[in-house]
Amino acid sequence: MRFTLSSTALNSRLQTLSKVINSKNSLPILDCFLFDIRNHVLNITASDSENVMRTSVGLDECDGDCRFAVPNRTILDSVKELPEQPLTFDVDLSKMTIQIHYQNGVYNFIAQNGDEYPITQDIQDGATVISMKSSILNDNINRSIFATAQDELRPVMNGIYFDLTEDGLAIVASDGHKLVRNKNLSVKSDAPASFILPKKPAILLRNVLGKSEGDTVIKFNGRNAEIQYEGGSLSCRLIEGRYPNYNSVIPQNNPNQLTVDRRGLLSALRRVIPFASESSQLVRFHLEAGKLELSSEDIDFATSAKESIVCDYSGQNMNIGFKGSSLIEILSNLDSDDVTIQLADPSRAGIIIPAEQTGDEDILMLIMPMLLND
């Protein structure tokens, strides 16, 4: 059979889907893309057995329907070097051969039987469904993924937690030292439901949702999720287990409040952290009315740094220590001009929020303090 399509359209979709495929797969067929042609549309699938990503592209010409698997490295390497032009595929399913004709040449390679490609079962009726703007979901994943853990003993901490309640949808990530909670107040449900999205599908979504407009629909049950967005879909296996009660670690009464320019604080932290102990990366905050003083030292190498920043602070004079690298990550993943840091005392977690929140969003980040040796 023969079909024709745009080289750049095919390349962009293959590049996106290629991130699903592992370098080593349990099934050899998973080293391939599945090409499934139905009604003048090419549906392409990539899978690592736990995550399945699909997309489609319209065909300029097509003389029938067929299904076959294409080795991922062969097709990727051959298509990515071509400028925009029509590609004509000649597929002989009896011999399992493929010829791709392009402007100045032809490629020949072997296909595999598409019927051997594993097909995932759709999520049955009765699953929970969430719908939200793709741009908001993308922002929330972007803002959260850095705070996930890499903990073999507690796998639930390695993903992003989606907690749907009658108050809103909370998207949470934590590694035990820092925590991110994005609350979307426009997505609600009378029937509470939750799931933990693993890090790999979260990264895959981040790569595609940034280019997507419209809404993303998430359908999930106790084990699997199916996420449909503009131009494709992603099915994945979820992390099973109970996520810790994240609300219990957020201090409720924080009388000491510091409001400071985010970029200014970020720059100051980057200047003082090279002088901190490499193992602890401890940065000391000294707070008093109108002034924040940052300091760090490494006794072993006799290095130290100190810098003052003008700020708006209301509360008691305080010394508190934070891990500098974690604080830099938190500030880098916020995009407001000013941030407010809410503190109770030097032994309790600090809460960092944008000084101005947008309409339906409530963004909160938390960092645990470090012990100071005064």
Side-chain angles (χ1 to χ4, degrees), residues 143 146-147 172-181 183 245-357 362-374:
R143 205 180 290 125
F146 81 95
V172 181
S174 177
D175 62 1
H177 303 287
K178 54 187 180 286
L179 178 144
V180 178
R181 188 198 67 191
K183 202 163 190 179
N245 182 1
Y246 59 90
N247 285 312
S248 66
V249 302
I250 301 173
Q252 299 302 313
N253 183 23
N254 306 286
N256 305 297
Q257 300 224 358
L258 159 72
T259 301
V260 65
D261 177 72
R262 180 182 66 87
R263 292 183 184 87
L265 177 55
L266 199 49
S267 296
L269 280 166
R270 286 177 173 146
R271 285 190 289 271
V272 302
I273 201 170
F275 298 87
S277 164
E278 198 170 316
S279 57
S280 70
Q281 297 187 321
L282 170 66
V283 176
R284 177 194 292 260
F285 279 39
H286 173 71
L287 290 157
E288 56 185 72
K291 187 175 85 168
L292 164 62
E293 186 179 272
L294 305 176
S295 60
S296 63
E297 65 174 344
D298 187 342
I299 296 171
D300 294 337
F301 292 94
T303 61
S304 66
K306 186 181 289 187
E307 183 170 335
S308 296
I309 303 174
V310 175
C311 66
D312 181 7
Y313 178 64
S314 59
Q316 297 178 339
N317 289 4
M318 185 188 299
N319 289 315
I320 187 169
F322 294 114
K323 186 172 184 177
S325 57
S326 295
L327 203 49
I328 285 173
E329 283 184 310
I330 286 173
L331 294 170
S332 298
N333 283 280
L334 290 167
D335 52 18
S336 60
D337 291 334
D338 295 336
V339 292
T340 298
I341 303 177
Q342 302 174 348
L343 303 167
D345 60 61
S347 64
R348 293 170 67 190
I351 293 174
I352 303 172
I353 59 173
E356 293 182 2
Q357 302 267 21
D362 178 12
I363 299 164
L364 176 149
M365 300 199 182
L366 176 148
I367 182 168
M368 298 301 294
M370 296 180 71
L371 186 66
L372 292 175
N373 295 319
D374 289 324

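All values reported here derive from a predicted model rather than from experimental measurement.
- Under the 3.5 Å distance criterion, the side-chain polar atoms of Ser277 are left unmatched by any main-chain donor or acceptor of Gln281.
- Within a 6.0 Å radius of CD in Gln316, no more than 12 heavy atoms belonging to other residues, nucleotides or ligands are found.
- Nearest heavy-atom pair, Lys323 versus Ile367, reported as atom, atom and distance to 0.1 Å: O-CD1, 4.1 Å.
- Within the 3.5 Å criterion, the main-chain N or O of Arg348 finds a donor-acceptor partner in the side chain of Asp345.
- Nearest heavy-atom pair, Ser332 versus Arg270, reported as atom, atom and distance to 0.1 Å: OG-NH2, 3.5 Å.
- For the pair Ala344 and Asn256, the tightest heavy-atom approach, listed with the atom from each and the gap, is O-ND2, 3.1 Å.
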How far apart are the C-alpha atoms of Leu327 and Val283, what are their side-chain angles, what is the distance that settles it, and do they pass the side chain to side chain contact (heavy atoms under 4.5 Å, CB included) test?
-> CA-CA 9 Å; Leu327 203 49; Val283 176; over 6 Å; no
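- Using a 4.5 Å heavy-atom cutoff, the side chains of Leu292 and Leu265 are in contact.
- Between Leu366 and Ile250, the shortest heavy-atom contact is CD1-CA, 3.9 Å.
- A salt bridge links Asp362 and Arg181; the closest N-O separation between the charged side-chain nitrogens and carboxylate oxygens is under 4.0 Å.
- Annotation: the span from Lys291 atom NZ to Glu293 atom CD amounts to 5.0 Å, rounded to 0.5 Å.
- Between Asp175 atom CG and Phe146 atom CZ the span is 8.5 Å, to the nearest 0.5 Å.
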Could you walk me through whether Leu282 and Leu371 pass side chain to side chain contact (heavy atoms under 4.5 Å, CB included), step by step?
-> CA-CA 9 Å; Leu282 170 66; Leu371 186 66; over 6 Å; no
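- The closest donor-acceptor contact from the side chain of Arg262 to the backbone of Leu331 lies under 3.5 Å.
- The shortest distance between side-chain heavy atoms of Leu343 and Leu287 falls below 4.5 Å.
- For the residue pair Pro354 and Leu334, the shortest heavy atom distance occurs at CG-CD2, 4.1 Å.
- For the pair Thr303 (side chain) and Phe275 (backbone), a donor-acceptor distance under 3.5 Å is present.
- Here the shortest heavy-atom pairing between Cys311 and Leu258 reads SG-CD1, 3.3 Å.
- Rounding to the nearest 0.5 Å places CG of Asn319 at 11.5 Å from CZ of Phe285.
- Contact check for Thr340 versus Asp312: no side-chain heavy atoms found under the 4.5 Å cut-off.
- Distance check: Gln342 CD to Gln252 CD gives 10.0 Å after rounding to the nearest 0.5 Å.
- Contact of the Val339 side chain with the Met365 side chain is not registered, since no non-hydrogen atoms from C-beta on lie closer than 4.5 Å.
- Between Asp337 and Arg263 there is a side-chain heavy-atom pair separated by less than 4.5 Å.
- The OG atom of Ser347 lies 9.0 Å from the CE atom of Met368; values are rounded to the nearest 0.5 Å.
- Using a 4.5 Å heavy-atom threshold, the side chains of Leu266 and Ile328 count as touching.
- Interatomic distance, CZ of Arg143 versus CG of Asp335, reported as 6.0 Å (0.5 Å rounding).
- Proximity of a side-chain donor or acceptor of Asp261 to a complementary backbone N or O of Asp338 within less than 3.5 Å is not detected.
- Judged by distance alone, the side chain of Glu356 and the main-chain N or O of Ser336 form no donor-acceptor pair under 3.5 Å.
- In this structure the side chain of Ile351 reaches within 4.5 angstrom of the side chain of Leu364, judged on heavy atoms.
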